[in-house]
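Got a structure for you, written out below as structure tokens; questions coming shortly.
Naming: A, B, ... by sequence-line order, numbering from 1 per chain.
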Amino acid sequence: MNHLPSVAGPTRLGKAAVALMGVANVVATLWILGLMVLIVADILGRELFAHPIAGVPEMVKYSIVGIVFLQISHTHRAGQMIRSDGILGMVRKARPRLAAAMDLIAQLCGAGFAAMLCWAVWPKAVRAYMRGELEGISGHFTLPVWPFLGLIVLGSALLSASFLMSAAAAVQQIRKTS
Amino acid sequence: MDPVTVGYLSLIAIAIAIYAGLHVAIALAGISLFSVWAITGKLKLATSFVALAATDSIAEYTFGVVPLFVLMGLAVSESGLGRDTFAIIARGLQRWRAGLSVATVLSNAVFAAITGVSIASAAVFSKVAVPEMVRAGTSRSIAVGVVAGSSVLGMLIPPSLLLILFAILTDSSVGDLFIGGIGPGLLLAFAYIAYLSILGFLRPDLFNMSREFESSDHVPTRAMLPILGLAATVLSGIYLGFFTPTEAGAVGAAAALIIGVAMRRIGRREGWQIAVQTGHITAAVSFLIIGASIYSRMLAFSGLPAAITQAAIDTGIGPTAFLLVFAAILIVLGTVLDSSSIMLVTVPLAFPITQEMGIDIVHFGLITVLAVEVGLLTPPLGLSVFVVHATLRDTGITLGEVFRGAIPFALIMAASLIALIFYPQIATGLLGR
């Protein structure tokens, strides 16, 4: 379940990235448990004491974004990001090198897309921070938007790094089988 | 370039990319990026289009259901409630020939009412029910077939992850879809039971139950209470309006964890693993949804759904015929692709057509889920069959044996699907539509 392929390699940068993904995973996991406690507390407060917690819907809304982007690189490292690798598996049996090459292409596409996302969201995060953009109902409950955009930037950067590591592993695979 | 042409090309490109093993979310989002670029000719516009979709598509309150229902399902599996349910129901049905197989179907149905993932059911019951059935003299091919076949009930009987996904894709009510899932789920369970009973009557040699057979487990009947209480709390809470489906997930997850801890089946290590696993599934599914939302916005931008809808109406095809064709396409796709990818790619295209034809959204949703789930049992790639096989690998069973065992159940599913297409009331009846 927690098996991580050791593609971090010997490089210090790779190890640091994997460690960072691990930290992000722990934060996101605690966040899910916190979300559960928060919602249950809100229901109990509302039904038993007629006293709901302010801003739970807003918090849930943005929590999901935070959880997903913090968790996605660790998910990819654990090989749980969804792909239909059925045909890939069949090719691997007959032509292992071709399969490794296909995997390399897939990982590079992922790295490219995640990097693009990071690059495209970054200016939005900066702008939200500069202008102090808020979400929620003014006077009732508000929370700043920039931390969430920041998490998207961080999460997609880590995801891109994770894709690149898998791409490197695929290159090794191609060399080994030749 | 002509937007509609770009739309068609993007469909072909996405199909190739997914079959070639690209991560589904990346294939959907990446190709949509290029399509918007091709339509507008401006890269900057395309990237900010994607960035906007990535930031706002999952920032929705209803998305809270995904991690919470997954957490609940995993906590329930870990606390061994599935094993208890099977032991108790099996004891009750001992005197019935094929009783153990029927017990597998029934306990799957009960288990499905608290977990939304078919794979969880397949893993739990291949460990619990298959050895018990084989020990009692049931033919091995039937034993594995029953487990693989009835695992699909997990996605039909609410709560169900696929129904949540469908509700998000079409912006419809999760609660309505959940209620709509009850009818088809029960229909399928009864069809399985009828098949097994008739088979037990015609071919008693396949079940060969010895008279003195006693269930090996001595689980007290009151061990059923946690699982029934959990299902009752969650479902009645939603329908009576104490809490929303999102909140029901939180209540169910908390209750399942508390039960697991109280029964000393979930310790600190198991609890943490469940939470991490929940995070992985949530991230994987939500990232798919981000990809799908970028894709469906790109489609709307290209005008392809409108063009396809017009083309479908112009052929003069009726709603029933359309649904039959759609279900057939899904089953074919399901032989290779996984359930969620198929839904993400096809539903945004077919949904406008069904609206134009006046097909009930709940009816359409259940047909989609049932058709997609047939793919879990069909070669070359049936996920449920793989899970059953992987769990039982030490017993020396072959993949082909599991696939052969699952064939009758896949056929029963197809028959139920056809019944559902012709009689929408199976799904919509409980909603009073």
Side-chain angles (χ1 to χ4, degrees), chain A residues 1-2 25-26 28-33 35-40 42-43 47 57-58 60-65 67-72 74-76 78 80-91 99 102-103 105-106 109-110 112-114 116-117 119-121 124 148-149 152 156 163, chain B residues 17-27 29-30 33 47-48 50-52 54-56 58-61 63-64 66-68 71 237 242-243 246-247 249-251 253-255 257 271-273 275-290 336-338 340-341 380-381:
Chain A
M1 201 187 270
N2 279 328
N25 163 49
V26 170
T29 304
L30 289 176
W31 199 337
I32 292 177
L33 295 174
L35 198 63
M36 180 186 83
V37 173
L38 179 72
I39 294 178
V40 171
D42 181 39
I43 299 172
E47 301 289 339
E58 282 80 9
V60 172
K61 191 172 151 179
Y62 282 97
S63 292
I64 299 302
V65 181
I67 290 168
V68 168
F69 277 91
L70 279 176
Q71 194 73 276
I72 191 68
H74 197 265
T75 305
H76 176 256
Q80 294 210 338
M81 215 172 138
I82 297 170
R83 66 197 290 199
S84 290
D85 51 3
I87 291 187
L88 207 58
M90 291 180 209
V91 174
M102 281 164 72
D103 188 39
I105 294 173
C109 287
F113 180 79
M116 189 284 298
L117 193 59
W119 175 76
V121 177
K124 287 168 147 255
F148 297 97
L149 294 175
I152 296 181
S156 25
F163 269 120
Chain B
I18 291 180
Y19 275 102
L22 238 66
H23 295 87
V24 178
I26 303 292
L33 171 74
T47 56
S48 55
V50 169
L52 183 72
T55 51
D56 72 358
I58 56 165
E60 292 281 346
Y61 178 65
F63 275 89
V66 177
L68 297 170
L71 181 59
F242 277 118
F243 34 69
T246 308
E247 294 170 338
V251 173
L257 282 176
W272 182 252
Q273 281 192 342
V276 168
Q277 185 69 6
T278 302
H280 283 167
I281 297 179
T282 305
V285 169
S286 303
F287 221 71
L288 267 189
I289 296 173
I290 294 176
V336 177
L337 299 182
D338 78 294
S340 40
S341 332
L381 301 163

**Study point:** Partner chain B: residue of L88(A), V40(A), L70(A) with the largest heavy-atom pair count (under 4.5 Å)
**Key:**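 Among L88(A), V40(A), L70(A), the one with the most close pairs to chain B is V40(A).
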Exercise for review: Against chain B, label M116(A) side chain, backbone, both or neither, depending on which of its atoms sit under 4.5 Å from a heavy atom there.
Suggested key: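 Just the side chain, heavy atoms under 4.5 Å.
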Practice item. Any chance you could lay out the side chain to side chain contact (heavy atoms under 4.5 Å, CB included) test for W272(B) and V26(A), step after step, and finish with the verdict? Key: CA-CA 10 Å; W272(B) 182 252; V26(A) 170; 3.9 Å; yes
Review point. Please walk me through it: do I43(A) and F242(B) pass side chain to side chain contact (heavy atoms under 4.5 Å, CB included)?
Key: CA-CA 8 Å; I43(A) 299 172; F242(B) 277 118; over 6 Å; no
Review point. Partners of F148(A) by side chain to side chain contact (heavy atoms under 4.5 Å, CB included), sequence neighbours excluded?
Key: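 For F148(A), the residues satisfying side chain to side chain contact (heavy atoms under 4.5 Å, CB included) (neighbours in sequence not counted) are W31(A), Y62(A), L143(A).
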Point to revise | chain A contacts, top residue of T55(B), T278(B), V251(B) (heavy-atom pairs, under 4.5 Å) | key: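 If we count pairs closer than 4.5 Å to chain A, T55(B) comes out on top.
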Review point. Are any non-hydrogen side-chain atoms of L33(A) and L71(B) less than 4.5 angstrom apart?
Key: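 L33(A) reaches L71(B) side chain to side chain.
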Review point. Under a 4.5 Å heavy-atom cut-off, does chain B meet the side chain of D42(A), its backbone, both or neither?
Key: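 It is the side chain, since no backbone atom gets that close.
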Check your understanding: By salt bridge (Lys or Arg N to Asp or Glu O under 4.0 Å), which residues pair with K61(A), not counting sequence neighbours?
Key ->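 K61(A) satisfies salt bridge (Lys or Arg N to Asp or Glu O under 4.0 Å) with E135(A) once adjacent residues are dropped.
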Exercise for review: Among L288(B), I290(B), T282(B), single out the residue with the greatest number of heavy-atom pairs under 4.5 Å to chain A.
Suggested key: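 Ranked by heavy-atom pairs under 4.5 Å with chain A, first place is L288(B).
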Check your understanding: Under the side chain to side chain contact (heavy atoms under 4.5 Å, CB included) criterion, do T47(B) and W119(A) qualify, and how do the steps go?
Key -> CA-CA 9 Å; T47(B) 56; W119(A) 175 76; 4.2 Å; yes
Check your understanding: Between CE of M36(A) and CG of L257(B), what distance do you get to the nearest 0.5 Å?
Key ->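 Reported to 0.5 Å precision, the distance equals 5.0 Å.
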Exercise for review: Report yes if some heavy atom in the side chain of I39(A) is under 4.5 Å from a heavy atom in the side chain of F243(B); otherwise report no.
Suggested key: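 I39(A) does not reach F243(B) side chain to side chain.
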Check your understanding: Between L68(B) and chain A, which part of the residue has a heavy atom less than 4.5 Å away: side chain, backbone, both or neither?
Key ->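 The side chain, not the backbone.
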